[in-house]
Amino acid sequence: MEVIGDLPRELFLEILLRLPAESLMRCKYVCKYWHSLITNPKFIQLHLNYNYNNNVCVLLKRCLVTCLGQKENLLSLVCGNGFSFENLDVDLSLYRKEPCLQLLGHCDGIICLSNYRDYILLCNPATRESMVLPESCLPCYPWIRNLISQTTGLGFGYDAKSHCFKVVRIVSYWEELRGSNLPHFSRAEVYSMGTDSWKEINVTVPAHVRYSPCFETYFNGAFHWYAMDDNGNEVILSFNMGNEEFQVIPMPSFISMHDHSICRSLLVWNDCIALVIYPERGIEKSFEIFVMKEYGVKESWTNVLTIGPLTRVERPLVFRKNDEILMEGSHGQMMSYNLRNKEVKDLPIYGVPKSFSTLVYVNSLVSVKGGNQMLDQRDNTGIFLFVSLNTLLVHVDIYANFC
């Protein structure tokens with residue numbers, strides 16, 4: 001087949017690569033040829049690569065109050081050079097009924113959500129495909145008196161070595177009468193999409209995860225949490241999805257820590273980990289940004305920028321671009337701050353205060369069922385794209401001839 005209608009095959013494929021996943025899900029039912037093309041793992045990877053290079057968005061989870069006074073989650077996308085946004089129609093019973101549902105991470109169009117109690121689910125908002133993960137393999141120790149367990153850390157990421165999506169879960173155990181704010185001990189388990197099962201990993205969890213707003217971050221193949229070590233020092237705890245090992249990353253030594261009136265948020269900026277320090281309360285707030293220029297090296301922390309003082313701003317959310325950061329306003333509205341001209345804009349996006357969570361997101365056809373064997377060619381050159389397009393067309397033609 002040299003042409004599709006009046007279009008050459010290569011041009012037809014280039015057009016399909018530029019369509020959002022929602023449109024492609026409808027297109028695959030047009031005919032067998034389109035179905036075999038759009039469901040081909042090579043096409044899914046090429047579509048993902050195109051969106052990584054051209055259509056990166058911000059995924060926003062927030063809570064709204066219904067007319068009955070109940071809180072309901074809403075997922076929205078903020079896209080484009082302007083501030084266009086659209087609400088996503090994701091029909092998940094857990095997603096609807098859990099106002100405190102946490103947005104844990106994103107990889108290749110798949111997001112992870114959890115209520116931190118009994119449900120963890122993976123979802124592709126574009127394809128509306130979702131799955132609830134199986135039950136944990138870690139024991140609750142019901143036979144040990146006065147010992148209680150709690151999920152303290154969850155993270156989602158991608159193992160580039162095995163081409164597999166993974167979820168890591170940290171469970172901490174407290175002695176009820178001990179009176180310490182640190183757990184007695186912690187254990188960890190990993191879910192792999194390839195096996196659809198959990199396994200406990202025989203490693204020591206070297207620090208204890210603590211809550212800090214907008215801190216949990218996936219970067220450089222690892223998931224990161226705010227934590228305390230056994231000596232009470234504030235650290236960043238990371239988990240590498242490839243070797244399944246924990247690492248403790250020191251905080252900057254030249255900033256004042258152990259101050260509970262100060263918040264710490266961890267973001268990704270200019271392909272580096274960025275730590276944002278700001279006051280928890282106040283009419284005016286200043287935001288100090290520290291960048292770790294060499295990943296994992298304490299001495300590479302550098303104070304690069306101070307934003308503000310700003311009024312009506314509650315906390316940072318995500319760097320949308322290198323020169324723009326999205327922030328939550330004090331009354332539940334989203335705001336943007338331009339680092340170059342120092343301009344603050346109110347965006348027409350609202351929610352329950354402190355219910356905002358955000359992720360950098362790409363639209364994709366990747367399945368949460370693990371059916372797509374990803375090629376992991378995320379840094380394609382034009383040559384790779386050209387060769388893959390032609391290889392894909394040959395494979396699809398061969399497949400179509402048998403249908």
Side-chain angles (χ1 to χ4, degrees), residues 51-62 76-85 103 105-106 212-220 224 226 236 249 251-252 254-256 262-295 297 299-351 353-354 356-362:
N51 284 330
Y52 263 121
N53 292 325
N54 300 278
N55 296 322
V56 176
C57 302
V58 169
L59 180 71
L60 166 68
K61 189 200 79 74
R62 53 191 164 129
S76 305
L77 277 182
V78 181
C79 300
N81 293 325
F83 296 105
S84 63
F85 75 98
L103 185 60
H106 161 265
S212 187
C214 303
F215 200 98
E216 298 178 351
T217 299
Y218 178 68
F219 172 73
N220 201 32
H224 302 78
Y226 172 72
I236 299 171
I249 301 175
M251 293 281 197
F254 46 83
I255 61 176
S256 176
I262 299 297
C263 294
R264 306 125 177 99
S265 294
L266 196 68
L267 309 178
V268 177
W269 184 34
N270 288 322
D271 295 322
C272 292
I273 287 288
L275 181 68
V276 186
I277 307 296
Y278 55 100
E280 182 180 9
R281 295 181 176 86
I283 298 176
E284 287 189 337
K285 292 185 178 183
S286 294
F287 301 83
E288 289 189 79
I289 302 178
F290 298 81
V291 170
M292 178 175 278
K293 295 188 174 182
E294 186 176 351
Y295 181 77
V297 178
E299 291 73 23
S300 70
W301 282 113
T302 305
N303 189 344
V304 295
L305 181 66
T306 298
I307 297 175
L310 302 177
T311 59
R312 304 185 301 112
V313 176
E314 185 68 26
R315 56 179 174 161
L317 293 174
V318 65
F319 280 97
R320 184 166 175 255
K321 295 182 290 187
N322 290 340
D323 61 353
E324 180 188 26
I325 184 172
L326 297 183
M327 312 181 88
E328 181 183 340
S330 54
H331 299 293
Q333 77 277 21
M334 178 170 275
M335 311 173 76
S336 73
Y337 179 83
N338 189 293
L339 302 180
R340 287 183 291 105
N341 59 29
K342 300 182 180 180
E343 181 182 5
V344 180
K345 288 184 178 179
D346 288 345
L347 307 182
I349 306 174
Y350 300 88
K354 299 186 179 180
F356 286 70
S357 56
T358 52
L359 294 169
V360 175
Y361 172 83
V362 293

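Hydrogens, waters and symmetry mates are skipped; everything else that's a heavy atom, side chains included, is used. All values reported here derive from a predicted model rather than from experimental measurement.
- Side-chain contact between Ile307 and Leu339 is present, with at least one heavy-atom pair separated by less than 4.5 Å.
- Annotation: side-chain contact (heavy atoms from CB on, under 4.5 Å) contacts of Glu284 (sequence neighbours excluded): Pro309, Thr311.
- Under the rule for a side chain to side chain donor-acceptor pair (under 3.5 Å), Tyr350 has no partner lying at least two apart in sequence or in another chain.
- Between Leu317 atom CG and Ser357 atom OG the span is 8.5 Å, to the nearest 0.5 Å.
- Interatomic distance, CG of Leu359 versus OG1 of Thr217, reported as 9.0 Å (0.5 Å rounding).
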Distance-only donor-acceptor hits, side chain of residues 266-275, under 3.5 Å, sequence neighbours excluded:
{"unit_1": "Trp269", "atom_1": "NE1", "unit_2": "Asn322", "atom_2": "O", "d": "2.7"}
{"unit_1": "Asn270", "atom_1": "OD1", "unit_2": "Asn322", "atom_2": "ND2", "d": "3.1"}

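- For the residue pair Phe287 and Arg315, the shortest heavy atom distance occurs at CE2-CA, 4.2 Å.
- Listed by chain and number, the residues in a ring pair (Phe, Tyr, Trp, His ring centres under 6.0 Å) with Tyr361 are His106 (sequence neighbours excluded).
- A distance of 8.0 Å separates OG1 of Thr306 from CD1 of Ile289, quoted to the nearest 0.5 Å.
- Side-chain contact between Ile236 and Met251: present, with at least one pair of heavy atoms (C-beta onward) separated by less than 4.5 Å.
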Is there a side-chain contact (heavy atoms from CB on, under 4.5 Å) between Tyr295 and Ile249 once you walk through the steps? CA-CA 9 Å; Tyr295 181 77; Ile249 301 175; 3.7 Å; yes

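- For the side chain to side chain donor-acceptor pair (under 3.5 Å) test, residues two or more places apart in sequence or in another chain that qualify with Asn55 are Asn51.
- Contacts of Pro353 classified as side-chain contact (heavy atoms from CB on, under 4.5 Å), with partners at least two apart in sequence or in another chain: Glu328.
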Could you walk me through whether Leu59 and Thr358 pass side-chain contact (heavy atoms from CB on, under 4.5 Å), step by step? CA-CA 6 Å; Leu59 180 71; Thr358 52; over 6 Å; no

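- Heavy atoms only, all atoms of each residue included: Leu326 and Ser336 are closest at CD2-CB, 3.8 Å.
- Applying the side-chain contact (heavy atoms from CB on, under 4.5 Å) criterion to Glu299, with sequence neighbours excluded, gives Val297.
- Ser286 and Pro279 get closest at one heavy-atom pair: O-CD, 3.4 Å.
- Partners of Tyr278 by side chain to side chain donor-acceptor pair (under 3.5 Å), not counting sequence neighbours, listed by chain and number: Ser265.
- Every side-chain contact (heavy atoms from CB on, under 4.5 Å) that Asn54 has, sequence neighbours left out, goes to Tyr50.
- Annotation for Cys214 and Pro316: closest pair SG-O, 3.4 Å, computed over non-hydrogen atoms.
- Residues Lys285 and Glu314 approach most closely at NZ-O, 2.9 Å, considering heavy atoms.
- To the nearest 0.5 Å, atoms CG (Leu310) and CD1 (Ile283) are separated by 14.0 Å.
- Rounding to the nearest 0.5 angstrom, the gap separating the CE atom in Met292 from the OG atom in Ser300 is 5.0 Å.
- Rounding to the nearest 0.5 Å places CG of Asn338 at 11.5 Å from CD1 of Ile325.
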Let me see the working for Met334 and Arg62 under side-chain contact (heavy atoms from CB on, under 4.5 Å), right down to the final yes or no. CA-CA 10 Å; Met334 178 170 275; Arg62 53 191 164 129; over 6 Å; no

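- Here the closest heavy-atom approach between residue Arg264 and residue Ser212 is recorded as O-OG, 2.6 Å.
- Applying the side chain to side chain donor-acceptor pair (under 3.5 Å) rule to Arg281 yields no partners; only residues at least two apart in sequence or on another chain are considered.
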Assess the residue pair Lys345 and Tyr337 against the criterion (side-chain contact (heavy atoms from CB on, under 4.5 Å)); give the C-alpha distance rounded to whole Å, side-chain angles, the decisive distance to 0.1 Å, and a yes or no. CA-CA 7 Å; Lys345 288 184 178 179; Tyr337 179 83; over 6 Å; no

